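Values below: every heavy atom of this structure, side chains too, minus hydrogens, waters and symmetry copies. Not measured: the values here are computed from a predicted model.
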Amino acid sequence: MKALYNDGSVAEVSAEESTHIIRHSAAHIMAQAIKRLYPEADFAYGPATENGFYYDVDLGDKRLSEDDLPAIEAEMKKIVKENLKFSAFELPREEAIRLMEERGEKYKVEHIGDLPEDARITFYQQGDYIDMCVGPHLTYTKALKAFKLTGVSGAYWKADSSNKMLTRVNGTAFATKEELDAHLTMIEEAKKRDHRKIGREMDLFMMRDEAPGFPFFLPNGMILKNTLLDYWREIHHAAGYVEISTPQIMNRQLWETSGHWDHYKDNMYSTTIDEEEYCIKPMNCPGGVLVYAAKPHSYRELPIRAGEIGLVHRHELKGALHGLFRVRCFNQDDAHLFVRPDQLTDEIVGVANLITSVYDKFGFTYHVELSTRPEDSMGSDEDWAAAEGGLKTALDKLGMDYVVNEGDGAFYGPKIDFHLDDSLGRTWQCGTVQLDFQMPLNFDLEYTDADGEKKRPIMLHRVCFGSIERFIGILIEHFAGKFPTWLAPMQVKVLPVSEKSRAYAHTVADKLEAAGVRVVVDDRDEKIGYKIREARSIDRVPYMLILGEKEAEEGNISVRDRSNETVQKSIEEFVAEITEEIRTRA
């Protein structure tokens, strides 16, 4: 595919580049269509994204809804059919401002005003529509062959809640109709798997207007959460970790020393206690540092691997909140490792192996990124070079393929990020290993080495699940609520066919419960077909035991699994099989 660059040149681009260019051009074509339908429209930002594109638009008192999208799509198709040529031109800053003022684009004027005085601004034009943009773009509108508008939402100008709420129109575009159709099918499947919908149906969690961004876990959700945490504790104990718990509220001075106050204060909640400012922790690491610093340490004690399932709070914009995926409080399965330099590579390898074993358990595939020094960082060039080198050495020892994500490290150190792929092919960043020379320096952490000299440990920050709440949301959608038996809140549902088999159903359930199986008896006066459908589609239970008079007389059970295969077994045989399945977390 050919693309038009801002210097007016045209060149062939790769398939990867072409997807971005197609979507960026689609955003411009959509804006042109909106302008034709709503001449008063005033546009803010309109970028391409990983999965599509959007444009934020101010329509005055008009509020777009999903019902308006077909008309906008129809107008886009007209523009595509007109085969308008894209052209590029450049203006000095002041001329660019005048052009946007003449066209009534106040958000563009403000945006240009934020740029340096000597900046030259690039514009792209197709037909009567002009937009400031760095490009590149398609050469003609007819090259946009497969697109779909996917929804509307709200977005604050410059992501600042003190600014006006704009309408964000979302869409996606691909090079071919086949790719678009596959993507739209995936979106429809994702809607069916929406963790908010399934969470309500299975009584896992709820959100309330009284506590926006603060989830309530219901009894079934607590079973799921605690089962995950039991697994977490088991594998960490086996890997030589100890567990700690640190306070949720600590004074501001701590967060100034750690560096979080300078780099993260806009996302932190604070309060006043005894006329002193305190912060509700957004991270667990400073508390872990204080635990280490509470007593002297010898080189023989290192590595120290201290895990914490800590509740943290972070301020998120209300418009960004999304079920369990984006919340304002969550439990993070942190661990902080304090290691000697000679132990660094082996400890990183151990952490990476632990994280990959967790993802393998849930059937996730994943890829790895090495994120390097960001602009807003602390520490010396030498420390950063050593830290990045340490992570690269560990990755090479593991034989892991990875890509470098320049400038996306934490402010205190580089990191290895694990991006997992779910059953729909979506990518989630969960596990991470962060190497930190800065916090041990800031808090003057020490250990006594073999030569009797005081040395400074290296600190590793790492998580497996990340946010427990977010990981649960990912699991809900990955499995569509049909969790593996060991993880399912309800592992067996016993369904008596009639009153005559009700007593036997409770006898069977008692035997399962005595064996440690989570079991519920549905002894309502409902038809058996209704009970089966509810157990399958709402409870999403791994096993149903359908018990009639015949089963009660013979003392056996009819077992139906998720494949809808029904087999006759003895209760003893089934108890042995399911308890082994649960024990091995199959």
Side-chain angles (χ1 to χ4, degrees), residues 235-246 250 253-260 263 283-308 310 334-355 370-373 377-400 409-416 432-464:
I235 61 176
H236 281 77
H237 176 74
Y241 286 72
V242 294
E243 186 174 358
I244 62 172
S245 176
T246 63
M250 293 175 277
Q253 182 181 350
L254 172 74
W255 302 99
E256 289 175 339
T257 303
S258 70
H260 288 92
H263 297 270
M283 279 91 171
N284 295 307
C285 30
V289 168
L290 294 184
V291 170
Y292 179 90
K295 66 176 186 178
H297 296 281
S298 162
Y299 73 97
R300 292 187 180 92
E301 296 175 66
L302 273 56
I304 293 174
R305 308 181 187 105
E308 176 174 15
D334 268 324
H336 299 101
L337 288 71
F338 301 91
V339 306
R340 304 190 309 261
D342 61 291
Q343 299 169 325
L344 181 61
T345 299
D346 286 343
E347 288 304 305
I348 296 171
V349 168
V351 167
N353 285 333
L354 184 66
I355 292 174
L370 172 63
S371 299
T372 60
R373 186 177 189 173
S377 63
M378 57 192 300
S380 68
D381 293 343
E382 293 77 15
D383 282 349
W384 274 90
E388 291 175 5
L391 293 180
K392 287 177 181 176
T393 299
L395 286 169
D396 291 340
K397 185 172 181 178
L398 284 161
M400 278 187 171
F411 68 84
Y412 49 75
K415 57 180 180 169
I416 299 170
T432 187
V433 188
Q434 301 174 354
L435 200 156
D436 185 359
F437 287 99
Q438 305 310 316
M439 216 166 289
L441 176 65
N442 293 353
F443 286 92
D444 197 25
L445 301 186
E446 294 179 334
Y447 67 91
T448 303
D449 208 354
D451 59 7
E453 296 293 320
K454 297 292 185 183
K455 301 287 177 65
R456 200 173 305 287
I458 300 169
M459 186 175 180
L460 290 175
H461 308 246
R462 51 110 290 200
V463 296
C464 290

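Here the OH-CZ distance, from Y447 to R456, works out to 10.5 Å after rounding to the nearest 0.5 Å. If you take CG on D383 and CZ on R373, they are separated by 9.0 Å, rounding to the nearest 0.5 Å. L441 contributes atom CG, which lies 9.5 Å from atom CG of D436 (distance to the nearest 0.5 angstrom). Note: N353 CG to I348 CD1 = 12.0 Å, rounded to the nearest 0.5 Å.
Of all non-hydrogen atoms in S258 and M439, the two that sit nearest each other are O-CE, 4.0 Å. Nearest heavy-atom pair across D346 and K397 is OD1-NZ, 2.7 Å. Of all the heavy atoms in S380 and Q438, the pair that sits closest is N-NE2, 4.3 Å. A pairwise comparison of heavy atoms in W384 and P414 identifies CZ3-N, 3.3 Å as the closest pair. Contact detail for R462 and Y241: the closest heavy-atom pair is NH1-OH, 3.4 Å. The shortest non-hydrogen separation linking I355 to V463 is CD1-O, 3.4 Å.
A donor-acceptor distance shorter than 3.5 angstrom exists from the side chain of E308 to the backbone of T246, with no hydrogens or angles considered. Checked by atom type and distance alone, the side chain of T432 pairs as donor or acceptor with a backbone atom of I416 at under 3.5 Å. Side-chain atoms of D451 come within 3.5 Å of backbone N or O of E453 as a donor-acceptor pair. When atom types are taken as modelled, the side chain of E388 and the backbone of T372 share no donor-acceptor pair closer than 3.5 angstrom. Looking only at distances, a side-chain donor or acceptor of H297 sits under 3.5 Å from a matching main-chain atom of Y292.
Residues forming a salt bridge (charged side-chain N to carboxylate O under 4.0 Å, His left out) with E301 (at least two apart in sequence, or on another chain): none.
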For E347 and R305, run side-chain contact (heavy atoms from CB on, under 4.5 Å): C-alpha distance rounded to whole Å, both residues' side-chain angles, the deciding distance at 0.1 Å, then the answer. CA-CA 9 Å; E347 288 304 305; R305 308 181 187 105; 2.8 Å; yes
Stepwise side-chain contact (heavy atoms from CB on, under 4.5 Å) test for T393 and L344: CA-CA 10 Å; T393 299; L344 181 61; over 6 Å; no
Could you go through residues 334-343 and list every donor-acceptor pair under 3.5 Å that involves a side-chain atom there, pairing it with any protein atom two or more places apart or in another chain?
from, atom 1, to, atom 2, distance (Å)
D334, OD2, N284, ND2, 2.6
R340, NE, D342, OD1, 3.0
R340, NH1, Y299, O, 2.7
R340, NH2, D342, OD2, 3.0
Q343, OE1, R340, N, 2.8
Q343, NE2, L302, O, 2.8

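At a threshold of 4.5 Å between non-hydrogen side-chain atoms, the residues L354 and C464 count as touching.
Counting heavy-atom neighbours within 6.0 Å of E243 CD, excluding the residue itself, gives a total above 12.
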